[in-house]
Number of protein chains: 2
Amino acid sequence: MTASRALLAVVARSLASVDEDVTLPQYRALIVLGQRGAQRPADLASTLAVTPSTATRMCDRLVTKELVDRDRVAEDRREVRVTLSDRGRTLVDEVTRRRRAEIAGLLGTLPQADRDAVVDALHTFARAAGEVPEPEWAVLP
Amino acid sequence: MTASRALLAVVARSLASVDEDVTLPQYRALIVLGQRGAQRPADLASTLAVTPSTATRMCDRLVTKELVDRDRVAEDRREVRVTLSDRGRTLVDEVTRRRRAEIAGLLGTLPQADRDAVVDALHTFARAAGEVPEPEWAVLP
DNA sequence: CAGAACCGTTGCATTGAGACATGATTGCAC
DNA sequence: GTGCAATCATGTCTCAATGCAACGGTTCTG
């Protein structure tokens, strides 16, 4: 429990430290775009478990912040393609970078032997978690 | 990174699985009350880094949901004491229980030796994280 | 071509978070 | 007792998230 809480603290800090003003739902959308590439608003909506209209407004805000781009698709002009902009990708990368750095910082305080053991164990844990297929898994910060 | 994401997924699920309709800020408030006991709204506010008025409204909503109790203190009738109600405590406990269960379930898929190694490593990690004193640490779900 | 099916957007409404300023009690020092 | 400080509560405002319903293009099908 303590470990999970500690990791959560790291995650929360890495998110909070980004000064760009992005809410959690917005960040989740960015994550999806970063991991799955360009998405249609409807896909985004179903991934995030919200209605299409919510996805549209969210994209509105992200477009205003220039974190995503929104273009109509030429082949089927009904569709819209939402993509992470350069700034959006930078933001996501930055959060990830901070998280890595924080975790590395924590591990750095350990003696080498412990550190190796922890890294191995985290790999094992990640493998165990990965074997239980979960739908929304990966849509998280 | 994968391990941290997996743990985050566990946390998110344990939160989402509670059908009581509680937002993240509200849950954070419940956590604080659970860990530190009765609080004055002002203390709650400073812990959660919001203004007193925000804390008051949050308590309004939590009182409506009967997750906390709010009473004036007899000794100093200016003060208000906010306490976790039985239902509130049950909710917090339930989330914790689910989280433990999920993590235990994951670990259960591992062979005994790996499991022990992971548990040790998580303890080590928690200790390392605990040595870096962090202000908001512990206010997290 | 006409209608169906699809996709995204928009209007309208609700809820929660959050801030700031203001008011109302209460306690304390003088 | 007066005055000041502490402590909440309230009024008012803004903004984000969210859902439902209705609308407006686009494409597909008969």
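Only this structure's heavy atoms are used, side chains among them; waters, hydrogens and symmetry mates stay out. Keep in mind that this is a model prediction, so the values were computed, not measured.
Within the nucleic acid shown, B:Arg70 comes within 4.0 Å of sugar-phosphate atoms alone, with no base atom in reach, counting heavy atoms only. At a threshold of 4.0 angstrom between heavy atoms, the contacts of B:Thr54 include nucleobase atoms, whether or not backbone atoms are also involved. B:Pro41 comes within 4.0 angstrom of the backbone, heavy atoms only, and of no base.
Residues A:Thr56 and A:Ser53 have side chains that never bring a donor and an acceptor to within less than 3.5 angstrom of each other. Side-chain contact annotation: B:Ser17 with B:Ser14, donor-acceptor N/O pair under 3.5 Å absent.
The CZ atom of B:Arg81 sits 11 Å away from the P atom of D:dC8 (whole-angstrom rounding). What separates CG of A:Asp76 from P of C:dC6 is a distance of 12 Å, to the nearest Å. Atom CG in B:Leu44 sits about 15 Å away from atom P in D:dT7, given to the nearest Å. Rounded to whole Å, atom C1' of C:dT14 lies 13 Å from atom CG of B:Asp21. In this structure, CD of A:Glu79 is placed 13 Å from C1' of D:dC28, rounded to the nearest angstrom. Between A:Arg61 atom CZ and C:dT9 atom P the separation is 13 Å, expressed in whole Å. One can place CZ of A:Arg77 at 18 Å from P of D:dG24, the figure rounded to the nearest angstrom. Going from atom CG of B:Leu48 over to atom C1' of C:dA17 covers 12 Å, rounded to whole Å.
Of the candidate nucleotides C:dA17, C:dA19, D:dA16, C:dA17 has the atom lying nearest to any side-chain atom of B:Met58.
Tested against B:Arg89 for a side-chain contact (heavy atoms from CB on, under 4.5 Å), the candidates B:Leu84, B:Leu33, B:Thr83 yield a single pass: B:Leu84.
The number of heavy-atom neighbours closer than 6.0 Å to CZ of A:Arg87, taken from other residues, nucleotides and ligands shown, is above 12. Surrounding CZ of A:Arg98 are more than 12 heavy atoms belonging to other residues, nucleotides or ligands, all under 6.0 Å away.
Scanning atom types as modelled, one donor and one acceptor separated by under 3.5 angstrom connect the side chain of B:Arg57 and the base of D:dG11. Between the side chain of B:Ser53 and the base of D:dC8 there is no donor-acceptor pair of N/O atoms closer than 3.5 Å.
For the pair B:Asp60 and A:Ala49, nearest-nucleotide mapping onto DNA chain D gives the more 5' position to B:Asp60.
Look at B:Arg78 and you won't find any side-chain N or O under 4.0 angstrom from OP1 or OP2 of C:dT26. Distances shown here put every side-chain N or O of B:Thr51 at or beyond 4.0 Å from the OP1 or OP2 atom of C:dG18. Phosphate contact (OP1/OP2 of D:dA9, side-chain N/O of B:Thr56, threshold under 4.0 Å): present. The side chain of B:Arg40 places an N or O atom within less than 4.0 Å of a non-bridging phosphate oxygen (OP1 or OP2) of D:dT7.
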